[in-house]
Protein chains: 2
Amino acid sequence: MSHALITYFKQISQLSTSSEEALKALIQIQSIPKNQDLQHIAQTCKTLYFLKTGLARIYYFHDGNDVTEGFYEPFCLIARAESLFAGAPSKKAIQVLEDAEVWSISTQELSALYDDHRDIERLFTRLFERAYVQTIQRIENLQFHTADERYQLLAQEQSEVLRRVPLKYIASYLGITQVSLSRIRAKKS
Amino acid sequence: MSHALITYFKQISQLSTSSEEALKALIQIQSIPKNQDLQHIAQTCKTLYFLKTGLARIYYFHDGNDVTEGFYEPFCLIARAESLFAGAPSKKAIQVLEDAEVWSISTQELSALYDDHRDIERLFTRLFERAYVQTIQRIENLQFHTADERYQLLAQEQSEVLRRVPLKYIASYLGITQVSLSRIRAKKS
DNA sequence: AAGTTAATTTAACATTTGATAAGTGGATTT
DNA sequence: AAATCCACTTATCAAATGTTAAATTAACTT
């Protein structure tokens with residue numbers, strides 16, 4: 001029986017049949033109601049998440065302000081890498097923005113497979129490489145674009161977010177205030 | 001005979017003696033004069049660099065403006081990951097900011113070692129993980145700090161850069177104009 | 001040392017964004 | 001339906017940053 005997440009993985013990197021089975025055995029699925037945290041602030045990241053349906057964000061608090069670090073759509077790897085790689089508590093939380101079905105994989109169980117399943121190790125190396133490249137592109141975006149341009153880019157790349165996410169979350173993601181974002185929107189129409 | 005870069009690598013991740021020798025055989029060293037590009041724009045990233053001495057930056061052009069993406073000190077991995085992982089030409093260049101001695105490793109030769117030397121593969125996975133985490137931290141910095149705060153943070157984390165690098169490069173790294181940076185500096189004294 | 005170029009600072013003004021507060025509209029509760 | 005809450009917009013003013021140009025300083029050449 002085919003598994004949608006495994007099918008997605010195989011597009012990224014080859015998997016032997018035995019690796020496919022071993023990996024499939026690790027994948028858990030759960031339903032999470034809107035606005036609930038998948039992982040709380042101060043927890044150490046030991047689980048990788050992938051949405052089957054819904055929408056999520058990673059956020060943290062800066063000077064008491066809620067700051068959205070990123071938005072995540074189905075099939076996208078969701079992890080707080082800075083915590084995972086260091087084995088240290090994260091100051092960030094993962095929150096589901098709509099009722100969602102979520103696949104999760106324990107990193108401990110996953111890395112136990114690496115010795116016998118090199119293709120699995122390479123798959124996840126690739127998944128993190130992709131996440132890394134997106135992060136690099138986001139820096140370019142923040143570094144030399146105006147707030148207006150950053151908004152346009154988000155509209156191009158994650159247009160669903162604009163339709164489904166409260167304005168305040170979008171504003172902090174763009175590095176501006178809610179009021180400023182509202183002004184930018186007003187100019188367009 | 002010990003090799004300073006290998007010694008550094010072994011602090012990051014264990015290496016067997018045979019892996020150490022195999023890796024050492026790939027490392028080239030060259031002297032590069034100040035202001036020269038180590039890699040030009042439009043080249044595909046196929047080499048990893050580490051400074052033995054000197055200082056470097058990655059830069060690109062945005063609307064005709066020279067934008068510095070990052071500064072690199074000795075022993076730090078220098079690579080244009082977005083090009084390397086995709087196998088596509090980079091729009092970025094690597095430039096040496098002072099006369100420098102540079103170690104380089106061909107990624108093609110390196111990945112040929114991965115099958116027989118899993119510890120080498122894991123070492124470089126770790127090096128890229130570290131680079132990834134730095135990138136994540138840089139986003140936090142750009143997203144919710146004022147220009148002034150970003151300047152202070154650079155002063156803390158890479159104070160050498162402030163002393164040794166032309167102002168215009170620092171300004172674009174911080175995402176502001178040279179004039180604005182000059183004003184920020186003036187306020188402090 | 002004089003001349004030339006590059007790097008940095010300063011000034012003046014325009015634009016963007018932040019901060020605060022008030023207003024509007026829609027949804028939910030009772 | 002009234003009351004309440006929440007999301008979003010609008011208005012006003014202050015602060016930060018961009019733009020352009022000129023002035024100063026430092027570095028390099030001859």
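Proteins come first, then strands; the chains are lettered A, B, ... in the order of their sequence lines, and each starts at number 1.
Side-chain proximity of A:R183 to C:dT17, C:dT20, D:dT20: nearest is C:dT17.
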Point to revise | CA sep, side-chain torsions, deciding dist, call: B:Y60, A:E140, side-chain hydrogen bond (donor to acceptor under 3.5 Å, both in side chains) | key: CA-CA 10 Å; B:Y60 59 96; A:E140 282 178 51; 4.6 Å; no

Check your understanding: Passes ring pair (Phe, Tyr, Trp, His ring centres under 6.0 Å), A:F124 versus A:F9? Steps please.
Key -> CA-CA 9 Å; A:F124 282 87; A:F9 285 160; 5.6 Å; yes

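Taking the six-membered ring for Trp and the full ring otherwise, B:F128 and A:F85 have centroids separated by 6.0 Å or more.
Distance CG (B:L181) to P (C:dA7): 15 Å, rounded to an integer number of Å. Straight-line distance from the CG atom of A:L162 to the P atom of D:dC8: 11 Å, rounded to whole Å. Rounded to whole Å, atom C1' of D:dT19 lies 15 Å from atom CG of B:D63. For the pair B:R164 CZ and D:dA27 P, the interatomic distance rounds to 16 Å; values are reported in whole Å. Summarising the geometry, the separation between CD on A:E149 and C1' on C:dT15 is reported as 14 Å, rounded to the nearest angstrom. Rounded to whole Å, atom P of C:dA7 lies 12 Å from atom CG of B:L97. When rounded to the nearest whole Å, the span between CG of A:D148 and P of C:dG18 equals 13 Å. Here D:dT17 presents its P atom at 5 Å from CD1 of B:I184, a figure rounded to the nearest Å.
To the nearest 0.5 Å, atoms OG (A:S180) and CG (A:D148) are separated by 9.5 Å. Residue A:Y72 holds its OH atom at 9.0 Å from CD of A:Q158, rounded to the nearest 0.5 Å.
OP1 or OP2 of D:dG18 lies within a sub-4.0 Å distance of a side-chain N or O belonging to B:S180. In this model, the phosphate group of C:dT9 is approached by a side-chain N or O of B:R185 to a distance below 4.0 Å at OP1 or OP2. At the phosphate of C:dT8, neither OP1 nor OP2 sits under 4.0 Å from any side-chain N or O atom of B:K168.
Between A:E160 and A:R163, at least one side-chain N (NZ, or NE/NH1/NH2) sits under 4.0 Å from a carboxylate O, which counts as a salt bridge. We find that A:E69 and A:R80 are not joined by a salt bridge, their nearest charged nitrogen and carboxylate oxygen being 4.0 Å or further apart. A salt bridge does not link B:E82 with B:K91: none of the charged nitrogens is closer than 4.0 Å to a carboxylate oxygen.
Contacts between residues 169-178 of chain A and DNA chain C, counted as heavy-atom distances below 4.0 Å, involve A:G175, A:I176, A:T177.
Annotation: of the two residues near DNA chain D, B:T146 and B:K34, the 5′-most nearest-nucleotide partner is B:T146.
Two end axes, each from the C1' atoms of five base pairs, can be drawn for the helix from C:dA1-D:dT30 to C:dT30-D:dA1; they diverge by 30°, to 10 degrees.
Relative to the ring axis of B:Y173, B:R57 does not place its NZ or CZ within 45° and under 6.0 Å from the centre.
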